[in-house]
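The structure appears right after this line, and notes come after that.
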Amino acid sequence: MGGLAGRLAVVTGAGSGIGAVAAAHFAAEGASVVVADLNVDAAEAVADGIRAGGGIAVAVGFDLGDVDSIAVLMESAVRAFGGIDVLLNNAAATHLAGERDVPIALADHDLWNESFRVNVTGTMSCIKAAVPYMAPRGGGSIVNVASGAGLAGDIGHPAYGASKAAIIRMTTYAAIEFGPKQIRCNAIAPGLIVTPATEDTWAAGPMRDIMVRQHLTRRLGTPSDIASAAAFLASDESSFITGQVLCVDGGLLSHMPYVADLMDLMAGN
Ligand SMILES: NC(=O)c1ccc[n+]([C@@H]2O[C@H](COP(=O)([O-])OP(=O)(O)OC[C@H]3O[C@@H](n4cnc5c(N)ncnc54)[C@H](O)[C@@H]3O)[C@@H](O)[C@H]2O)c1
């Protein structure tokens, strides 16, 4: 048991990658976890794994792009465990941040609308639907998984980056609105994390080497790196932290853009 003992948590996008590891981490810290994902089979497998390890979890299928299914998700969480204390808004339409998310001059309007409908409106809708169940429990913690791409420009995926920037600003609005109810809202901006969404692209081949050079830790992130930070923000250990963006990125966004090149020059490479 740990810092989330007795907490009732909903983790979205928990069928894969960061969400799956975060759900298991929350359960290992004592939370009862709703493993929520579009991919019900994947969510069931993660929940089964948690239960096999002695944790408490149920799987719920839902679609972040469908406000009715978000309402059903939160109702299911309350039916299963009696309330909601923690919401990890981790789900995103990561599949849209690929080849179709082209430079703005060529922008695909349908892709932009879909990215914002799912990532931004979906995240907002999860907050809106969860807060009424958090407030009667005396408060809660909402953690939004944003991205470094929401804080700095990148090559490629402008719609994804803009949607993540919107989630970062939404985080502050939620912190303001729900602070008086003792509901905190923070965001995490991950660096490059090796997951099914990145393992064959950004974290593969020559791209991997370029990315590793830009992380001051000289390694890419793991889902556990994000899960630990999320557990901290979900717990009372962070009870005076709200409206913040925590970069969990091995220093990716903490340095001047030329640092990696200068370090190589100074090392004689
Ligand atoms: N991996 C990285 O390097 C990285 C970096 C920055 C931010 N992020 C963010 O972290 C989060 C998790 O990313 P990941 O790398 O683990 O991705 P992933 O693709 O491995 O997992 C995403 C999960 O979300 C689910 N999902 C997709 N659309 C959904 C929908 N409409 N409704 C419900 N669930 C849906 C998928 O089924 C999947 O299980 C995302 O918000 C992503 O933008 C990831």
Side-chain angles (χ1 to χ4, degrees), residues 10-25 34-47 59-70 72-74 76 87-98 101 114-123 125-126 129 143-152 154 156-157 159-168 170-171 187-204 207-208 211-212 214-215 219-227 229-230 245-250 252-253:
V10 175
V11 179
T12 69
S16 170
I18 292 168
V21 173
H25 189 112
V34 175
V35 178
D37 205 285
L38 187 63
N39 183 337
V40 189
D41 292 342
E44 292 282 7
V46 171
V60 177
F62 92 109
D63 180 357
L64 187 62
D66 177 351
V67 69
D68 292 334
S69 107
I70 290 171
V72 171
L73 164 63
M74 301 308 167
S76 304
L87 169 63
L88 179 61
N89 269 323
N90 167 77
T94 51
H95 67 285
L96 295 179
D101 196 353
E114 186 67 357
S115 298
F116 272 70
R117 187 178 72 81
V118 178
N119 296 353
V120 182
T121 307
T123 298
S125 301
C126 285
V143 182
N144 297 326
V145 180
S147 172
L151 290 167
D154 205 348
H157 56 65
Y160 172 79
S163 77
K164 291 295 186 173
I167 287 170
I168 288 168
M170 184 199 307
T171 300
I188 291 174
L192 181 56
I193 311 300
V194 183
T195 72
T198 60
E199 62 193 3
D200 296 328
T201 52
W202 290 82
M207 291 267 282
R208 182 187 177 90
M211 296 306 296
V212 168
Q214 298 297 333
H215 289 70
R219 72 168 175 90
L220 302 181
T222 66
S224 290
D225 292 320
I226 306 305
V245 186
L246 179 59
C247 291
V248 184
D249 68 354
L252 177 64
L253 288 186

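Sequence positions, counted from 1, serve as the residue numbers for this chain. Every number for a ligand or one of its atoms is a count from 1 in the order of the listing. In this text the structure is predicted, and so the values were computed from the model without any measurement. Just so it is clear, the values below take in all heavy atoms, side chains as well, and ignore hydrogens, waters and symmetry mates.
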Is the closest heavy atom of P196 to ligand 1 under 4.0 Å?
yes
N/O to N/O below 3.5 Å, does that happen between Y160 and ligand 1?
yes
Would you say T195 and ligand 1 have an N/O pair spaced under 3.5 Å apart?
yes
Going by heavy-atom distance to atom 28 (N) of ligand 1, choose the closest among A91, A42, G13, A92.
A92
Just to confirm my output: which protein heavy-atom neighbour is closest to atom 6 (C) of ligand 1, and how far is it?
S147 OG, 3.5 Å
D63 versus ligand 1: do any nitrogen or oxygen atoms come within less than 3.5 Å of each other?
yes
Would you mind checking which non-hydrogen protein atom is closest to atom 44 (C) of ligand 1, with the distance to 0.1 Å?
I18 CD1, 3.8 Å
Using a plain distance cutoff, I'd like to know if A14 has any nitrogen or oxygen under 3.5 Å from a nitrogen or oxygen of ligand 1.
no
Nearest non-hydrogen protein atom to atom 36 (C) of ligand 1, with distance, is D37 OD1, 3.4 Å
Below the 3.5 angstrom mark, is there an N/O of L64, backbone or side chain, next to an N/O of ligand 1?
yes
For atom 20 (O) of ligand 1, the protein heavy atom that lies nearest, with its residue and separation:
S16 OG, 2.7 Å
Would K164 count as a contact residue for ligand 1, given that I'm defining contact as a non-hydrogen atom of the residue lying under 4.0 Å from a ligand atom?
yes
Nearest option to atom 29 (C) of ligand 1, as decided by whichever heavy atom of L38, I167, N89 sits closest:
L38
Quick test: of every protein heavy atom, which one is nearest to atom 5 (C) of ligand 1, and how far off is it to 0.1 Å?
G191 O, 3.3 Å
